[in-house]
Number of protein chains: 2
Amino acid sequence: MTQRRVRVDAQRNMDALLGAALTVFMSSGVDAPAKEIADLAGVGVGTLYRHFPQRSDLIVAVLEHEIDAVAERAPALVADHEPAAALREWFRAYVELLATKPGFASALHSGDPAYAALPGYFLRRLGPALQTLLDHAADGIRSDVGAEDLLHAVALLCQSVSGQGRAYTDRMVGVLLDGLTRESKGKP
Amino acid sequence: MTQRRVRVDAQRNMDALLGAALTVFMSSGVDAPAKEIADLAGVGVGTLYRHFPQRSDLIVAVLEHEIDAVAERAPALVADHEPAAALREWFRAYVELLATKPGFASALHSGDPAYAALPGYFLRRLGPALQTLLDHAADGIRSDVGAEDLLHAVALLCQSVSGQGRAYTDRMVGVLLDGLTRESKGKP
DNA sequence: TCGGGAAGCGGAAAAGCTTTCCGGATAAGT
DNA sequence: ACTTATCCGGAAAGCTTTTCCGCTTCCCGA
């Protein structure tokens with residue numbers, strides 16, 4: 001009943017696949033052929049499909065990987081910046097996550113059963129991270145919006161025509177964050 | 001140089017295809033096989049692909065057809081209801097358009113080149129229709145939001161998990177519309 | 001260090017979908 | 001009725017995803 005360790009070559013291939021998938025998804029979109037990803041990773045398609053039985057499993061894995069990366073930035077930002085700057089910086093990363101990867105944001109909101117688990121993971125992972133930042137900036141921020149409200153609102157804003165409209169997205173998110181802090185500095 | 005009329009059988013098949021496509025898209029989603037649609041319409045796939053050279057052309061055609069239907073309801077609503085009710089009723093149809101057809105709303109916002117023409121058609125067709133309704137309800141409505149702002153905002157709200165979250169969508173749209181009229185009836 | 005065998009690998013083949021093609025059918029003019 | 005441009009159907013080509021299996025590689029105990 002010895003729990004066998006995962007073989008190192010398997011782990012290596014797994015990592016190579018995630019990396020290759022991210023690269024390909026960014027350049028060719030999430031609809032790129034699986035073969036293209038397998039080739040870039042230097043493995044056969046069989047290997048890809050053993051690790052990720054369905055195409056969508058790979059997309060989910062990559063997205064979760066990216067979500068993790070964003071969530072894990074929170075502690076460092078809290079330590080290195082003043083609260084308001086940390087918050088702003090974190091949202092920059094968050095918008096980057098959703099706005100620069102065509103198809104990722106739509107997968108999140110697609111309703112397709114294959115992506116059903118994503119929204120939950122999303123909130124579970126990013127909710128606490130953002131909450132940490134909000135807590136640290138608490139006295140400069142209005143109290144009637146929660147972390148999940150914000151994540152949701154910004155995610156929807158990121159849907160607006162990506163690429164061309166990136167400036168629009170950044171502008172609207174900026175407005176939203178300004179609104180968030182409006183009540184702080186005693187205004188006229 | 002006689003401009004030959006379009007053959008009636010061709011027109012009949014075209015109509016059958018649009019009808020069948022709508023039915024299939026609603027029940028099986030926009031990713032349903034083309035064969036399924038051709039079979040339901042009682043034609044061969046060749047016929048489908050002559051009328052709609054690419055799969056996405058059919059999706060675009062169906063969506064435009066539905067957009068037209070919603071746009072054309074505006075005049076009748078203006079005639080038959082009081083302004084506020086007409087507006088509310090029209091938005092019910094609009095939300096129905098976007099929220100009950102999985103994949104349609106995401107196609108609209110997808111950024112995929114195949115759907116590039118959709119947003120333009122969307123605004124061109126629905127913008128004036130909504131404007132008519134807004135004009136008729138003008139004195140009960142705040143003046144700092146335009147027709148396009150509203151179309152855009154509601155379209156984004158309809159993205160939220162369809163099916164399960166239909167109640168959420170309806171609720172949020174309701175809130176938005178309430179906000180639209182808040183300044184009308186001399187408030188406390 | 002070495003040998004057995006489980007775990008993993010690659011790529012050929014199967015399955016499924018979209019798109020093309022063309023011989024045959026048919027509606028519309030004369 | 002006859003002619004012909006137009007349209008039809010479905011077989012087949014071209015892609016992609018997914019499965020399958022013989023061969024290789026790594027891990028563990030001896």
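Quick note on labels: first sequence line is chain A, next is B, and so on, each numbered from 1.
- For the pair B/Asp31 and B/Arg55, the salt-bridge criterion is not met [side-chain N within less than 4.0 Å of a carboxylate O].
- Across the protein-nucleic acid pair, B/Tyr49 atom OH and D/dA12 atom P stand 18 Å apart, rounded to whole Å.
- Linking Ile, Leu, Val, Met, Phe, Trp and Tyr residues whenever their side-chain heavy atoms come within less than 4.5 Å places A/Leu177 and A/Val70 in a single cluster.
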So A/Arg88 and A/Asp178, salt bridge (charged side-chain N to carboxylate O under 4.0 Å, His left out) or not? Walk me through it.
-> CA-CA 10 Å; A/Arg88 202 163 293 267; A/Asp178 283 347; 3.6 Å; yes

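- Judged purely by atom type and a 3.5 angstrom limit, B/Ser27 uses its side chain to pair as donor or acceptor with the backbone of B/Val24.
- Looking only at distances, a side-chain donor or acceptor of B/Asp149 sits under 3.5 Å from a matching main-chain atom of B/Gly146.
- Between the side chain of B/Thr47 and the backbone N or O of B/Val43, no donor-acceptor pair lies under 3.5 Å.
- Two residues, B/Val8 and B/Ser56, neighbour DNA chain C, and the one matched to the more 5' nucleotide by heavy-atom proximity is B/Ser56.
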Identify each donor-acceptor pair in which a side-chain atom of residues 58-67 of chain A lies under 3.5 Å from a protein atom, sequence neighbours left out, and give them as a table.
none

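- Distance A/Ile59 CD1 to D/dT16 C1': 13 Å, rounded to the nearest Å.
- Only at 4.0 angstrom or more do the heavy atoms of residues 27-38 of chain B sit from any atom of DNA chain D, so none qualifies.
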Under 3.5 Å, which N/O atoms of the protein pair with N/O atoms of nucleotides 8-11 of chain C?
unit_1: C/dG8; atom_1: O4'; unit_2: A/Arg7; atom_2: NH1; d: 3.4
unit_1: C/dC9; atom_1: OP1; unit_2: A/Asn13; atom_2: ND2; d: 2.2
unit_1: C/dC9; atom_1: OP2; unit_2: A/Arg50; atom_2: NH1; d: 2.6
unit_1: C/dG10; atom_1: OP2; unit_2: A/Gly44; atom_2: N; d: 3.1
unit_1: C/dG10; atom_1: OP2; unit_2: A/Thr47; atom_2: OG1; d: 2.4
unit_1: C/dG11; atom_1: N7; unit_2: A/Gly46; atom_2: N; d: 3.4
unit_1: C/dG11; atom_1: O6; unit_2: A/Gly46; atom_2: N; d: 3.4

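- Taking the six-membered ring where the residue is Trp, B/Tyr94 and B/Phe122 present tilted rings, their angle falling between 30° and 60°.
- As a whole-Å value, the separation of B/Arg12 CZ from C/dA28 P is 9 Å.
- Rounded to whole Å, the distance from CZ on B/Phe52 to P on D/dC8 is 11 Å.
- Going from atom CG of A/Leu48 over to atom P of D/dT19 covers 12 Å, rounded to whole Å.
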